[in-house]
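What follows is a short report on a single structure.
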Amino acid sequence: MLLGYDPGQFSSIVVAQESSLFGRKELKVLKEHFIYYPKSHADLAEQFNVFWGEARKSRTIMLYYDRAGNQTLNTKKQLKMDAERLRKELERYGWQVILMNKNQRTIFHYEHYALCERLFGEEENNTPRVRIDENECPNSAIYLSPVTQRNGYIELDKTSETKVPLQNQAGLTTQIPSALLYLLFGLYEKWLPDGVNNISYLPGSD
């Protein structure tokens, strides 16, 4: 199984699996799970296992988590610690969890943005297709992730995460879409368009 994970006071995971249709890779985003403070990693793991524990023969999880830029050293350590804690809680239920982001470089949002433009544009026959279950993943939509620009670079506008009460954040903030973004980039970084790191590539820049 493939999981994207966005930790914090509001924590979410997005569950997906890959398949092949007529020789073209397809990612099916199947389910979203979330909890918020005072619930913890243990509660998120329990929620996941209640839904998936009996249904899955394969017990291996590949977990992709936050590798965002512009983070302090302490924040980066906390993100890694959160992933480790979720891994341990899932392993209590017999899941084997592989942390996929160890030793990976920092990923910036303008890279997420460019990759999603390519994937969701579906203008190429060989790029993977992404399909999101609208019933089980009502809050995972990328269009709920507004963007802004700073110094010519595309950045995610995360102000909603500080304005909306925790209990309402599932459908009104960038939290769950972020979990999906981490998963997409972890799987499909190789499809990042050439020249994306050039500031002139980005929409609205000179």
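By the 4.0 Å N-to-carboxylate-O rule, Arg131 lies close enough to Glu122 to be salt-bridged with it. Salt bridge absent: Glu91 and Lys88 never bring a charged side-chain N and a carboxylate O closer than 4.0 Å. At a threshold of 4.0 Å, the pair Glu84-Lys80 does not count as salt-bridged, since none of the basic side-chain nitrogens sits closer than that to a carboxylate oxygen.
Between atom CD1 of residue Ile107 and atom CG of residue Asn101 there is a gap of 8.0 Å, rounded to the nearest 0.5 Å. Taking CG of Leu181 as the reference point, atom SG of Cys116 lies at 5.0 Å (rounded to 0.5 Å). The line from OH of Tyr65 to CG of Leu99 is 5.0 Å long, rounded to the nearest 0.5 Å.
Listed by first and then second residue, the salt bridge (Lys or Arg N to Asp or Glu O under 4.0 Å) pairs involving residues 171-193 are Arg105-Glu189 (not counting sequence neighbours).
Qualifying side chain to side chain contact (heavy atoms under 4.5 Å, CB included) partners for Ser19, counting only residues two or more places apart in sequence or in other chains: Glu26, Lys28. Contacts of Phe51 classified as ring-ring contact (aromatic ring centres under 6.0 Å, His included), with partners at least two apart in sequence or in another chain: His33. Evaluation of the ring-ring contact (aromatic ring centres under 6.0 Å, His included) rule for Phe185 yields His112 as partners, not counting sequence neighbours. Not counting sequence neighbours, Tyr36 has no partner by the ring-ring contact (aromatic ring centres under 6.0 Å, His included) test. When the side chain to side chain donor-acceptor pair (under 3.5 Å) test is applied to Glu18, the partners found at least two apart in sequence or on another chain are Tyr188.
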